Every structure is written in C-alpha cells, then in structure tokens.
Amino acid sequence: MQETLQSLLQQRLGDALLKLHVDCSLALVTPAADIRFGDYQTNAAMVIAKQERKNPREVAAQLIEQLQVDDIAATPEIAGPGFINFRLTTSFLEKQIATLLNDPRCGVALVDKPQTIVIDFSSPNVAKPMHVGHIKSTVLGDALARIARFLGHHVITDNHLGDWGTQFGKVIYGVKNIAKSKIETVHQLVELYREVNEKEEHDPEMKAAVREELVKLQQGDAENVAIWKEVVAISWKEFENIYQQLNISFDECLGESSYNEALEPLVKRLEQEGIAEESQGALVVFFKNHPTLAEKPFLIRKADGGFLYATTDIATLEYRKERWHPDAIWYVCGMPQQLHFEQLFATAKKIGISCELRHISFGSILGEDRKMMKTRSGENVELNALLEEALDRAFKLVSEKNPGFSDAEKKEIAQIVGLGALKYADLMQHRTTDTIFSWEKMLSFQGNTAPYLQNAYVRIQSILRKAKEAGEVVAFDSIKLQEDAERTLALQLLQFAEVVPAILSDARPNILCLALYELANSFHRFYEQCPILKAEESVKQSRLALAQLIGCVLRCGLELLGIKVPERM
RNA sequence: GCGUCCGUAGCUCAGGGGAUAGAGCAGGGGAUUUCUAAUCCCUUGGUCGCAGGUUCAAAUCCUGCCGGGCGCACCA
C-alpha cells in the first residue's frame, strides 16, 4: 500500500502516541487549515488533554518529543490552543514527487479490499425524452463509477430503464388508433401519448379501450408486445445517441420489464411470509415500529391487482443480490424519492438482504429564477436541446479565440469544452445543493469551471510541444522546488492521492473538483511567476517535468469525472 | 399536520467539532512587444436565519422558533 503524506504523518503520530501509552483514535492528522500553519496539522494534543485533563500545550510538547519526523519534516511546532503543525522539508517533497513521474495512477493507491458495487443511475423513461432532470443522475453516477473502478472496486453499472408501466396502454392505443404514419421518434410518441391522455378524459369508452391494450400487453399479446418492443427501440436509439455524446456507457440496461415474471411470485411470497399484508384493498408492507415509517406503508400491489415500481425495485434488488452478490448497491436518484428508498431499504432488511444500500441523492437543477428549470411554455427542458446549446456556445467561444482552427477542430474542441462544462457544473457543487443553471458561469474561464481546468491543461501541452520542437529532451528524473509556487504545486500534486479515495465515503466528487481547481489555480500562478522555456537549463528541466506532471494529474482527475481534455483550445 | 433537506459576503457556492469563516462573480485598483491575458496580482465586502443548550473549543452537534424547497396509498 502506497503511503500518502497524510497517512505517513498519521503513522508517525500513532508511533508517538504508542510511546506515550496513549490510545486515541480521534487524534487525526489533517491538511493544514491555512498555509501559515505549515502543511499538515494535528489536534491530537487537544484531544488527549481533554481525555486526561491536562494542559494541551504541555501534552503537545511531550508529543513532539516523541515524534520521529526529522527525515520528512521540520521540527513540529505548537500553535494556538495546542495544535501541532508539520512542515514537510522541500527535499522530502522532491523525493516524493519523483515517485509520481511515470506513474499512470498519479500516486493513487488501489483499495485494500475491493468491493463489488452495483450502481443504478440515469434510468430514463421510455417513450419520453430525457430531460434536465436526468442529467445529474447520469453524470454523477458515471463519475462515481469511474472513480470506484479506478480505486480497484468491481463496479457494475446498471441503467434501470422505465420501460414498463401504465403509460404503455395509452401509447399502444395511440399507435393502433391515432397515428397516421409510422412512428419513428420519441417526439411522435409524446404527441400520441398527450393526445390519448386528453381524449380519454372525457371518453369513458376510450379509457376502457386504453386499459384493455395495457392488459393485453401484460398478458403477452403478440401484436402489443411487438409495438412495445418497437417503442423501446425508438427510445433507446435516442438515449444511446445522448450517452454516446456524453461518453457514458453501461454494463447492463436491465429495465423494469426485465422483472415482469418475478413480480407475481415475489408478492405471493411476501404475503405468505407475513411481510406484506392487505390494506384498503392493496397489498402493502408496514414498518410498525420504525421511528419515521410507522405510518408510511409501502405499496407493492394495487387494489386492481397491478404492480408498482416498489414491487419492481424489490425484485430488482433480489436479482442483483443473486447475480452479483454485491457488497453495496448505490441508487443515484433525486432527493424527492428519499421516502421510497427508505421504504425499499427497510423492506430489504425484512427480507434479509444485508448488503449496503445507499440512496445517493442530489439537488435539483433550477433556472435563474430559482424555480425548477422549465422552458417558456412550462415544459421540461430536453437533454438533447441542452447538449446542442452547449456545443453551440462552446463552438462560438472557440471560434472567437481561435478563428484559424478548422471547423472540424473547432467542433471537436466544442464537444470537449461544452460537454465538459455541462458535466463539471453538475459535479463541482456539493451534490445535495440545488444547482442554479447558468451557461455564462459554467462556460466561464474564471473560477471553478471545466474550461478553466482545460485551459490550464492546454497551456501545459503548448509548452511541452514547444519544448519538443526546440529539441528539448527532458529527462524527467529530478524536480527541484525553488519557488513557493513550485512547492505549493508539489504538495497539491501529492495530495491528489489523498483526495481521490476520500470521494466515495460520502459520494462527493466536488472535493475532487475543488482540488483540481486549486491545482489549476496554482499552475496559473506558477505560469505567471516562473518562466519555463526561458529558464536556465537545469531549472527548465525541473519545471518542464513539473508542468508535465500537473498536466497528467489534471487529465487523470478530469477523466475520473468523465470529462475530456483538448490539446488546443 | 407528519417527515425530510436547506438558510454562510450584493449574487453563486465551499467549509459540516478546532486557529483570525474561504472561493468565484459583481464593485474598485494594477500587470500584456506572452510559454495562449480564455490569465495573474492587490482591494472593498460577513452578529454563518433567530434564541437557548452541550463543549476547553460551535457556521458545524442538540432543542425550540422563523423562513423556504421537497415528499407523504394504489404514477415512476
């Protein structure tokens, strides 16, 4: 297991505590809260002082006497109420940074105990277009999958498509009775659905006919099944196009329809086992002694005998358990569905499914008016339109800056920058905070945005290209950290190994975004202050190597978020 | 009504027991014959919704209140 700076210091602290015969798991080494306090700090003395009713600064002094860090840091200092501050030596940082060169993992260790994790995300509904509401689940789920895989976990991504349900009665009725020509797009399906929906309101006969079509589908009627399959295929074609643009793929796309056969026996079993009971004509699961769910029954069969998405979700859970024996299942799904997942997980407990179940929820996307984002006519904003606008805006941006690029190159760059900006905007905030959608902000070159990070990368590549053209053969074997800017960069580069593993504990890619932003910011400062190509030979070598390393970490970090980097922009 | 999440600078947000609460934008002032200024530097701006409590230490934990979002039986 590779050490990070933090774990190394933590170990040294542990050794010192051992010598003092103190057992204290709360004594933590953390990155310094402020550069004035050095590189890392520990509150160990204060925690121990509390336990043993001693003076914290005295405890700190004793601790420092036992701390063996002279090979890596200056003598630790006591500060404030009893913090111990560590300042790593430059030579140690230089030594450590050398291990990063040529490391494709940028210093990030694999986890000790790989887990099998099923990640359920995206999950759009068939016969409807994907809209803004799907983007967070899709982008966040993909990023988490990439990160978990990178750390060595066995990840199964599963797109739980909404490809079954009452809406198909209407769609099939529409296809059979209303459609004038062959249906080829999701928009036509939506139109059809809308028309049927409106007409059946004041037409009981039609309502009955719609219902009949649904029943026939559920009973396996050949014609209706064929229409259903066609509808799924039309939808999938459009989804696939979006996923392709977003560079997102799935191991499995087991939609709700995959579990049709399992529902009946499942419900019977739950009833027999006394887990579910009848109530007001429906079959429900009660959680009688649960603090908050006591009065919230979980409906698994309607009074009319139909099943619900709760039913499908239980069946899906059992299927996943059986097929993959996962250690964890993550549901990347919006906040409004919290109650549903609490109920689902409580049910899982009742039926003896013990793997870790997490609802990874996230905030909504709001318009600049702070209300749910809608089009002027009050409809959901379609994802297709959103992607198109991202590409458009990015294309204009590139064209302004680099009119000389060919259209093909501009398009390629627009794709990377525009979609990167869109994804990054969904990942850079704490996931539960609502996002206020703003093209201007996400495409800005200032602040914590994808273009800012991509631009840092592009500048690095430009320098490396020039170096190559000038015939520089860079021996990336030694980095000398002379300037403050260089030292800061080295520290941040080494801390990448600490940040990435920390993301999953609370599913928060935003901490990676922040770290990358700070790295890019430090690079830009370094870029202003420290000439690279014009520096004298030995310094040039070191700075080129440092720049290359920054580029690698930026690229690696952005890739973990599902974002690409351009070579020019 | 019950549940749940949230209230931090003019705006958008970090920070979720530790030091003097941080960024970006906006406002003010500077830097460019460039290694891509799509950048950088300096600066103004905050009783962390309010009131109690726990603690050596609270924006952070607990309780109450105020204000908002979302969810609560046959949609997903």
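Since the structure is predicted, the reported quantities are computational estimates derived from the model, not experimental observations. The chains referred to below are lettered A, B, ... by the order of the sequence lines, with proteins before strands, and numbering in each begins at 1.
For Q446(A), no side-chain nitrogen or oxygen approaches OP1 or OP2 of G24(B) to under 4.0 Å. For Y452(A) and A23(B), the shortest distance from a side-chain N or O to OP1 or OP2 is not below 4.0 Å. The side chain of R370(A) contributes an N or O atom lying less than 4.0 Å from OP1 or OP2 of U12(B). The phosphate of C6(B) has neither OP1 nor OP2 within less than 4.0 Å of any side-chain N or O from R431(A). Residue K441(A) has no polar side-chain atom (N or O) positioned under 4.0 Å from OP1 or OP2 of U12(B). Of the side-chain N and O atoms in N43(A), none sit less than 4.0 angstrom from OP1 or OP2 of A57(B). Here N510(A) does not reach the OP1 or OP2 of C13(B): none of its side-chain N or O atoms lies under 4.0 Å away.
Separating the P atom of G16(B) from that of C6(B) is a span of 13 Å, rounded to the nearest Å. When the C1' atom is compared between U54(B) and G17(B), the two are found 12 Å apart, to the nearest whole Å. Here the separation of C40(B) from C48(B), taken at their P atoms, is 31 Å to the nearest Å.
Stacking of F37(A) onto the six-membered ring of A19(B) is present: less than 5.5 angstrom between centres, less than 30° between planes. In this pair, F83(A) does not lay its aromatic ring on the base of G18(B); centres under 5.5 Å and planes under 30 degrees do not both hold.
At a threshold of 4.0 Å, the pair K374(A)-E382(A) does not count as salt-bridged, since none of the basic side-chain nitrogens sits closer than that to a carboxylate oxygen. Salt bridge status for K540(A) with E537(A): present, with a side-chain N to carboxylate O gap under 4.0 Å.
Pairing partner, C72(B): G1(B), with both Watson-Crick or wobble hydrogen-bond distances short of 3.5 Å. If you check G16(B) for Watson-Crick or wobble pairing at under 3.5 angstrom, you find it has no partner at all. Base pairing of A21(B): no nucleotide in any strand meets the Watson-Crick or G-U wobble criterion (both distances under 3.5 Å). Nucleotide U63(B) is matched to A51(B) when pairs are restricted to Watson-Crick or G-U wobble geometry with both distances under 3.5 angstrom.
Between F345(A) and F341(A), the ring planes are tilted. Angles from 30° to 60° get that label. Between Y259(A) and Y319(A), the two ring planes are perpendicular [angle over 60°; tilted spans 30° to 60°].
Judged by the 6.0 Å and 45° rule, R459(A) forms a cation-pi pair with Y527(A).
Residue L293(A) contributes atom CG, which lies 12 Å from atom C1' of G71(B) at whole-angstrom precision.
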